Structures are given as C-alpha cells and as structure tokens.
Amino acid sequence: MKALILLAKASIGFVWLVLFLNFFMPFPGNAAIALYILTAFLFFMHGLQMLIFIGAFGDKITMSRWEKWSILIFGIFALLDIRRKHMM
C-alpha cells in the first residue's frame with residue numbers, strides 16, 4: 001500500500017509540475033487556458049480537503065507542518081498516508 005501511495009504522489013507531483021510549467025512557458029492555443037482553469041480547480045479542491053480535514057481532526061491528532069501542506073499538494077493520497085501513520 002505504501003508503494004502505491006508513493007506512486008500516486010509522484011503522479012500528482014508530475015501533474016502539478018505540468019500545471020506550474022504552464023505559468024512560465026504557456027502551452028499554445030486554448031490548452032493554456034484549460035490548464036489555468038485546472039490549476040485553480042485543483043488548488044481549490046485540495047485546499048478544501050485540507051481545511052475540512054484539519055477542521056475535523058486537527059485537535060485529535062498531531063500533524064507536522066509538512067503533513068498539513070502535503071494535503072494541499074497531494075490531496076486524498078496525503079490523507080491516506082496520514083491515516084496510515086496516525087489512525088491505524
């Protein structure tokens with residue numbers, strides 16, 4: 001399970017890399033606009049996940065600063081990793 005979570009985090013990291021590369025070297029045509037929208041959507045959804053998780057479990061488990069930020073970066077895969085570390 002740990003290897004699958006690591007693979008999923010690497011995949012999400014690659015997605016973020018492509019999305020941020022679009023800011024510095026925009027893709028041609030409408031692809032750049034679509035990637036801007038996807039960046040905003042992914043950032044919003046992962047931010048919402050982070051706020052909900054910290055609001056629900058922030059006082060019940062002690063998380064490092066990196067674990068909190070990793071939810072914003074990796075989303076559900078970071079939550080699965082945190083669950084594996086703290087709640088099992």
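From a predicted model like this one, the values you see are computed outputs, not experimental measurements. Residue numbers start at 1 and run along the sequence shown.
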[X] side, atom [atom1]; [Y] side, atom [atom2] - distance, nearest 0.5 Å:
{"X": "Phe77", "Y": "Leu7", "atom1": "CZ", "atom2": "CG", "answer": "9.0 Å"}
{"X": "Ile76", "Y": "Arg83", "atom1": "CD1", "atom2": "CZ", "answer": "9.0 Å"}
{"X": "Ile73", "Y": "Phe43", "atom1": "CD1", "atom2": "CZ", "answer": "10.0 Å"}
{"X": "Ile5", "Y": "Leu79", "atom1": "CD1", "atom2": "CG", "answer": "10.5 Å"}
{"X": "Lys85", "Y": "Lys2", "atom1": "NZ", "atom2": "NZ", "answer": "7.5 Å"}
{"X": "Phe74", "Y": "Ile82", "atom1": "CZ", "atom2": "CD1", "answer": "11.0 Å"}

Is there a chain of hydrophobic side chains (I, L, V, M, F, W, Y, each step under 4.5 Å between heavy atoms) that links [X] to [Y]?
{"X": "Met63", "Y": "Leu51", "value": "no"}
{"X": "Phe44", "Y": "Ile71", "value": "no"}
{"X": "Ile52", "Y": "Leu72", "value": "no"}
{"X": "Phe57", "Y": "Ile54", "value": "yes"}
{"X": "Leu17", "Y": "Met25", "value": "yes"}

Closest heavy-atom pair and its distance - [X], [Y]:
{"X": "Ser70", "Y": "Ala78", "answer": "O-CB, 3.4 Å"}
{"X": "Ile12", "Y": "His46", "answer": "CG2-CE1, 4.5 Å"}
{"X": "Thr62", "Y": "His86", "answer": "O-CE1, 3.3 Å"}

Neighbour count above 12 (heavy atom, 6.0 Å) for Asn30 CG: no

Ring geometry between Phe23 and Phe20 (parallel below 30°, tilted from 30 to 60°, perpendicular above 60°): tilted

Exam field: side chain Asn22 to backbone Phe27, donor-acceptor pair closer than 3.5 Å: yes

Lys60 side chain vs Ala56 backbone, donor-acceptor pair below 3.5 Å: yes

N-O pairing of Asp81 and Lys9 below 4.0 Å: yes

Does [X] reach the side chain of [Y], with side-chain heavy atoms less than 4.5 Å apart?
{"X": "Phe53", "Y": "Leu48", "answer": "no"}
{"X": "Leu42", "Y": "Val15", "answer": "yes"}
{"X": "Leu19", "Y": "Tyr36", "answer": "no"}

